[in-house]
Amino acid sequence: MNPEKPLGSVIQGSLSQGLEVRLHPDVSVEEMRVGKFLVVQGVRSRFFCMLTDVSLGTSSPRIVANPPDPSNTFMQEVLAGSGTYGTIDLTPMLMFTPEEAMSEAQAANNASKKKSKSKTAAASYEPNSSANIELLPVKTIPSHFSQVFDASDRDFRAVFGWEDDPTRRNFAIGQPIDMEVPICIDLDRFVERSNGVFGKSGTGKSFLTRLLLSGIIRKQAAVNLIFDMHSEYGWEATREGKHFSTVKGLRQLFPGQVQIFTLDPDSTKRRGVRDAQELYIGYDQLEVEDLMLVRGELNLSEASLENAVILRNEFGKAWINRLMTMSNGEIQEFCETKMGSKSSIMALQRKLNRLDDLKYIRNSCPHNYVDQVLECLESGKHVVVEFGSQSNLLSYMLATNIIARRIHQAYVRKAEKFLQTKNVSDRPRQLVITIEEAHRFLDPATVGQTIFGTIAREMRKYFVTLLVVDQRPSGIDNEVMSQIGTRITALLNDEKDIDAIFTGVSGAQSLRSVLSKLDSKQQALILGHAVPMPVVIRTRPYDETFYTEIGDIAWEEMPNDKVLKAAEVAKADLGF
């Protein structure tokens with residue numbers, strides 16, 4: 001017998017539309033919240049369900065037409081539970097099927113895999129035990145009058161696992177809205193596909209992303225390359241709220257595992273960041289494809305880009321440096337011999353002068369800084385690229401595309417070598433690239449011109465995936481959205497954005513109502529590859545308790561001699 005108190009009875013429903021449950025008279029409808037998890041105890045199975053709607057019902061239209069006087073509490077109590085009642089709609093997500101209730105064929109199949117299991121076990125099913133249940137997709141529904149209960153801790157553990165499970169890299173990202181039990185995501189499944197963190201401005205996307213990155217680092221599920229547009233991930237960041245406070249960055253939580261590269265050394269030093277490595281990009285590293293990505297920011301015409309291809313074909317990697325030094329006469333002569341357009345090339349020359357304003361752009365770079373980033377990743381270090389004052393859209397899109405393209409090229413070569421040799425030592429480390437303002441790179445007009453579109457479509461073929469952070473998922477190409485494995489979504493209001501989140505998701509209508517009822521802070525809907533079913537969570541606080549539970553010893557707490565020694569080790573790792 002189930003010792004829990006029943007909340008209601010199933011009165012009708014279908015597999016496609018979900019279940020309707022009538023609450024028992026002693027259960028207040030106000031205790032039922034959208035996103036809550038309940039279980040339905042059927043004859044053979046226990047159904048794990050999400051509450052998707054709450055409503056009021058009456059047994060007679062006369063009650064609606066002639067409701068009791070507000071002061072007549074006696075009549076209200078008489079009608080409660082019989083004449084008036086509450087109903088809830090449930091969407092079954094998974095079934096718990098006890099082995100003892102399986103068909104003979106199923107039991108025989110299991111017996112062949114687990115010879116020690118007996119088909120004739122006669123023990124009764126204990127719903128609170130996770131040792132004798134099997135998770136199955138929902139392909140049926142419970143019978144009429146099946147009882148509904150609050151989901152127990154063990155139900156959640158059976159579905160989402162626990163963080164200390166030695167067989168999986170589980171990471172507790174939060175808790176159910178009304179319970180104190182951890183909800184875990186499987187990080188191995190999370191990093192093997194591209195993922196997204198979505199939500200409108202101010203809903204805590206950066207904090208969610210920082211939680212995920214911390215889990216990946218702690219559990220060693222992958223290495224991270226983080227393009228930190230607003231300097232929020234590497235070092236200290238400001239916490240939103242009435243009172244000013246800061247939160248630790250990844251470098252402070254994992255001082256020996258995270259390396260910061262900066263495109264604006266002055267800004268990074270002013271923020272007190274220690275041992276950040278400078279990063280510069282030469283004109284010879286820019287491709288025409290990079291300019292195509294930022295054509296809107298540079299106001300480049302199609303003709304200018306076509307002439308850029310002509311220049312590149314003539315002068316090779318030095319084409320931009322050569323263009324910037326060409327006089328009007330030299331441009332005229334070039335156009336006469338190479339069939340170029342003088343006006344388009346002059347416009348291109350004029351508009352590329354804007355790149356000189358970017359602090360990290362150099363005519364040439366004797367040292368290959370991108371290779372230095374790659375060396376860190378190959379050694380298992382996580383890399384944060386800070387932009388500082390260089391965080392305008394032109395700068396961010398240009399630098400991220402150039403760096404990610406070269407990193408991806410190196411990973412393709414390594415992956416092809418591994419596939420050829422089958423040698424474990426040749427296997428590239430799984431890499432997760434984090435980008436913000438993702439719709440700028442992945443919108444339908446530019447997705448074919450960015451390396452990020454390529455990575456999203458390739459999935460895990462070359463051991464590189466994306467973690468996209470965005471407040472406008474509707475701006476992302478539909479094909480790319482369909483490849484997003486796990487979607488972690490805070491509150492969204494725009495209907496187009498909500499539609500984009502549920503691209504290719506079954507049961508989207510009931511989940512839409514859940515998403516629309518989220519609080520504006522510290523709540524999110526998780527669905528996709530890394531969780532067995534959609535779940536609404538109260539996100540794990542990113543605070544001192546979290547630092548203690550997940551981080552290494554804080555950098556500022558290390559003795560000075562150890563700080564100096566760690567700095568020397570970091571420099572040696574980077575070849576200095």
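Hydrogens, waters and symmetry mates are skipped; everything else that's a heavy atom, side chains included, is used.
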### Task
Kindly determine whether D26 and K5 satisfy salt bridge (charged side-chain N to carboxylate O under 4.0 Å, His left out), including the steps that lead there.
CA-CA 11 Å; D26 59 339; K5 174 185 174 182; 3.5 Å; yes
Is the backbone N or O of [Y] less than 3.5 Å from a side-chain atom of [X], with the two atoms forming a donor-acceptor pair by type?
| X | Y | value |
| --- | --- | --- |
| K219 | R168 | no |
| S28 | E30 | yes |
| R540 | A172 | yes |
| R538 | I177 | yes |
| D497 | L492 | no |

### Query
Between F190 and F171, does the ring centroid distance fall short of 6.0 Å?
no
### Message
Can you confirm if the aromatic rings of Y542 and Y547 lie within a centre distance of less than 6.0 Å?
### Response
yes
### Summary
Residues passing the side-chain contact (heavy atoms from CB on, under 4.5 Å) test with D164, sequence neighbours excluded, are W162
### Task
Report the residues that fulfil side-chain contact (heavy atoms from CB on, under 4.5 Å) with V34, sequence neighbours left out, ordered by chain and then residue number.
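If we apply the side-chain contact (heavy atoms from CB on, under 4.5 Å) test to V34, skipping adjacent residues, the hits are L51, V514, K517.
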### Query
How many angstroms lie between atom CZ of R189 and atom OG1 of T486, to the nearest 0.5 angstrom?
8.0 Å
### Task
Would you give the length of the straight line joining atom CG of L213 to atom CG of L467, rounded to the nearest 0.5 angstrom?
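Rounded to the nearest 0.5 Å, the CG-CG separation comes out at 6.0 Å.
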### Message
Checking Q147 against Q41: is there a side-chain donor and acceptor pair closer than 3.5 Å?
### Response
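Q147 and Q41 do not have a side-chain donor-acceptor pair below 3.5 Å.
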